[in-house]
Amino acid sequence: MSFIHNLVTYLSNQDLHDSAIYIIKGIPVTLGYTILSLVIGFILAIIVAIIQVVGNNRFIMLFKFIAKIYVSVFRGTPMIVQILLIYQGLPLLIGWVMSPFTAGVIALSLNSGAYVSETIRAGIESIDSGQFEGAEALHIPTHLLWRDIILPQAFRNILPALFNEAITLLKDTALISYIGVTDILERANEIGADTSNYLEPLMIASVVYYILVCIITTFARLIEANLKAKS
């Protein structure tokens, strides 16, 4: 009983409540980066994936080479290095000083696009090649083939992996705190620096991230169940 009493007393502490509210206010920033980076990265991933599975003429081979280098670099280097290079290194090369928001979105989008492109490519390659041959025999325009036949099937096959990428990206947004973005983690660090106590704010931040991940996971399972019911 004493443990419960102490726990209740601890949780009712006003400073703890104020810290939690301040950290929670970072959720819109974290979600904003996540959603925007997912959308941009997803569009980029579709383009890169299609480039990697289409024909092999000289023009296409050049783009395939560029796509492979891009995927290899962004999958093979730490995201924090990518963020710092884009925020601190790129301005030295192009003379354009980026805001933390712009640098963060670019880095997260490029990283997400590299990973998702491989997932989409695998989904496309899992589709029976006879569908491509049938579409060619029926003279179905290429853009309709991809839009109405190939990509919908590929997305259905890789949906769980896409949601896993969304969860990974949500957690990786914590790295943008290194360039001064006041997201969930940065707010927790600010409280820790002010109070010389990092344990409580970081625990609160962990709980917030965990709840967001649980919400995405639940949403993903509902969509998957709905698709299974329709199929």
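For clarity, every value in this text was computed on a predicted model and none was experimentally measured.
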Can [Y] be reached from [X] by stepping across I, L, V, M, F, W or Y side chains whose heavy atoms are under 4.5 Å apart?
X	Y	value
Leu202	Val208	yes
Val29	Leu31	no
Phe74	Val39	no
Tyr210	Ile215	no
Tyr209	Leu175	no

Closest heavy-atom contact between [X] and [Y]?
X	Y	answer
Thr34	Thr173	OG1-CG2, 3.4 Å
Ser109	Ser37	OG-CA, 3.3 Å
Val53	Arg121	CG1-CG, 3.7 Å
Ile51	Lys64	O-CE, 3.1 Å
Ile120	Ala45	CD1-CB, 4.0 Å
Ala154	Ile127	N-CD1, 3.8 Å

Verify, without hydrogens or angle tests, whether [X] (side chain) and [Y] (backbone) share a donor-acceptor contact under 3.5 angstrom.
X	Y	answer
Gln153	Ile149	yes
Tyr70	Leu110	yes
Glu224	Leu159	no
Ser112	Leu108	no

Do [X] and [Y] come close enough that some side-chain heavy atom pair is under 4.5 Å?
X	Y	value
Leu162	Phe42	yes
Ile124	Trp146	yes
Val48	Gln52	yes
Ile106	Met98	yes
Tyr198	Asn189	yes
Ile204	Ile191	no
Tyr87	Val181	no
Ile176	Pro100	no

Can you tell me how far [atom2] of [Y] sits from [atom1] of [X], rounded to the nearest 0.5 angstrom?
X	Y	atom1	atom2	result
Leu169	Ile35	CG	CD1	10.5 Å
Ile80	Leu85	CD1	CG	10.0 Å
Tyr22	Glu190	OH	CD	3.5 Å
Thr119	Tyr115	OG1	OH	10.5 Å
Ile27	Arg187	CD1	CZ	10.0 Å
Ile179	Glu186	CD1	CD	10.5 Å

(request) Check whether more than 12 heavy atoms from other residues, nucleotides or ligands sit under 6.0 Å from atom CZ of Arg221, and answer yes or no. (result)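 Result for CZ/Arg221: open.
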(message) Are there over 12 heavy-atom neighbours, none belonging to Tyr178, within less than 6.0 Å of that residue's OH?
(response)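 For Tyr178, atom OH is not crowded (no more than 12 foreign heavy atoms under 6.0 Å).
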(request) Begin from the C-alpha positions of Trp96 and Thr102 and carry the test side chain to side chain contact (heavy atoms under 4.5 Å, CB included) through to its verdict. (result) CA-CA 11 Å; Trp96 174 37; Thr102 302; 3.9 Å; yes
